[in-house]
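Everything on this sheet refers to the single structure shown next.
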Protein chains: 2
Amino acid sequence: MTDEVNIGVLLFVAYRAMENRAFAAVAAAGYEDITPAQGKLLQRVDEDGSRLSELAESAQVTKQTAGYLVDQLERGGYVERCPDPGDARARLVRLTGKARDLLPIGAAAVSEVEAEWTSYLGKRRMEQLRDTLTRLREITDPYIDR
Amino acid sequence: MTDEVNIGVLLFVAYRAMENRAFAAVAAAGYEDITPAQGKLLQRVDEDGSRLSELAESAQVTKQTAGYLVDQLERGGYVERCPDPGDARARLVRLTGKARDLLPIGAAAVSEVEAEWTSYLGKRRMEQLRDTLTRLREITDPYIDR
DNA sequence: GAAGGTAGTCAGAGATACTGACTACTTTGG
DNA sequence: CCAAAGTAGTCAGTATCTCTGACTACCTTC
């Protein structure tokens, strides 16, 4: 675990910086009741609605955890649960207008941070970084989908 | 927050893969009572002992949280608290023999994962990755120290 | 239409992290 | 030398996130 500068730590530091900026931007825009875990789930809700199990698998949490987070998002008015017309066991989690206002704010913050990184590293290095991480994902991500 | 393949997500996926492997190795070696948060703190304990406040700052948690985690590590026999000879307000958190056995196991797992990544990406790309992340750290890490 | 699988919830628990208030000790400035 | 201010750490209380296990309701298949 210790290794002069463990590459895991380096990955984490950059990741955390990105996440902090995105959440700060969302909070600054007045959406202060969104927590990181809720945000992660919210990003994964499909345009046409998602099932709880899909969200759970995609976010790599249990159905119970996903249900808990969706409860909170529902209370905050970011999603609603509708019956799934095709399967009476399931319910579809759908984005509300409030969520559709919020998501671009986070996305803009991410783009801003990426632009800063590109400016610091240079365009070529930034592209290499993205490319390398994308390749790495092939052997590190059990859920290549989104 | 959404951006085809957000670089934050890519960073996180690789980081999580590394962390999971390290903790799996530690647990497989029989240290099953160590949690990720405890592990993060444990890695930061200095050879000569660390103060709680130092650990808290380094791990970016409050003193209270650090104290709680050190309590658990102490109960598990991984660290001990001794009086600080230089300052009677403080106490030094020191690694025990058990922790000194454990830490190399985690480090070995990290090295193994790095070797796999190098083999998959090629030596040149792996070095570029480390180098780029190290540069990035200069603008993303408020605590460049360890 | 019975058997087994899938979607989701309920109940209970533990880990992680926070804020605020406090004690004990050290350092500093008059 | 001592009062004021600062630092180290703890205690109490709370919120968040996540889990396991057990359950109901519904669907699919033979």
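These values consider heavy atoms only, across backbone and side chains, with no hydrogens, waters or symmetry-generated copies. Order of the sequence lines sets the chain letters (A, B, ...), proteins ahead of strands, with each chain counted from 1. Keep in mind it's a predicted model, so treat the numbers as computed, not measured.
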>> Quick check on the 6.0 Å ring-centre criterion: do A:Y15 and B:Y15 meet it?
In response: no
> Would you say the side chains of B:E114 and B:S111 form a donor-acceptor pair under 3.5 Å?
Replying inline: no
> Taking atom types as modelled and ignoring hydrogens, do the side chains of B:Q72 and B:Y78 form a donor-acceptor contact shorter than 3.5 angstrom?
Replying inline: no
> Think A:K63 forms a cation-pi with A:Y68, using NZ or CZ under 6.0 Å from the six-ring centre and within 45 degrees of its axis?
Replying inline: no
Among [options], which nucleotide has an atom closest to any side-chain atom of [X]?
X	options	answer
A:V61	C:dT16, C:dT9, D:dT18	D:dT18
B:T35	C:dT16, C:dA7, D:dG9	C:dT16
B:A37	C:dA17, D:dC17, C:dG8	C:dA17

Measure the distance from [atom1] on [X] to [atom2] on [N] and round it to the nearest whole Å.
X	N	atom1	atom2	result
B:Q60	C:dC18	CD	P	10 Å
A:L52	D:dT24	CG	C1'	15 Å
A:E57	D:dC19	CD	P	13 Å
B:Q38	C:dA15	CD	C1'	9 Å
A:Y68	D:dT16	OH	P	6 Å
A:K63	C:dC10	NZ	C1'	13 Å
B:N20	D:dT18	CG	P	13 Å
B:D71	C:dA17	CG	C1'	14 Å

>> Quick one, A:Q38 with A:T35, criterion side-chain hydrogen bond (donor to acceptor under 3.5 Å, both in side chains). Give me CA distance, side-chain angles, the key distance, then yes/no.
In response: CA-CA 5 Å; A:Q38 289 167 31; A:T35 64; 3.3 Å; yes
> B:S50 pairs by side chain to side chain contact (heavy atoms under 4.5 Å, CB included) with which of B:L92, B:V45, B:L41, B:L95?
Replying inline: B:V45
>> Please classify the nucleic acid contact of B:D87 as base, sugar-phosphate, or nothing, using heavy-atom distances under 4.0 Å.
In response: sugar-phosphate
> Hey, is the side chain of A:R81 poking within less than 4.0 Å of OP1 or OP2 on C:dA7, counting only N and O atoms?
Replying inline: no
>> Between A:R91 and C:dT9, is there a contact of a side-chain N or O with OP1 or OP2 at under 4.0 Å?
In response: yes
> Which nucleotides of nucleotides 19-24 of chain C have their base under 4.0 Å from a protein heavy atom (B), which only their sugar-phosphate (S), and which neither (-), written as one string 5' to 3'?
Replying inline: BB----
> Starting at the 5' end of DNA chain D, which residue's closest nucleotide do you reach first, A:K40 or B:S50?
Replying inline: B:S50
> If only atom types and distance count, is the side chain of B:T65 paired as donor or acceptor with the main-chain N or O of B:V61 below 3.5 Å?
Replying inline: no
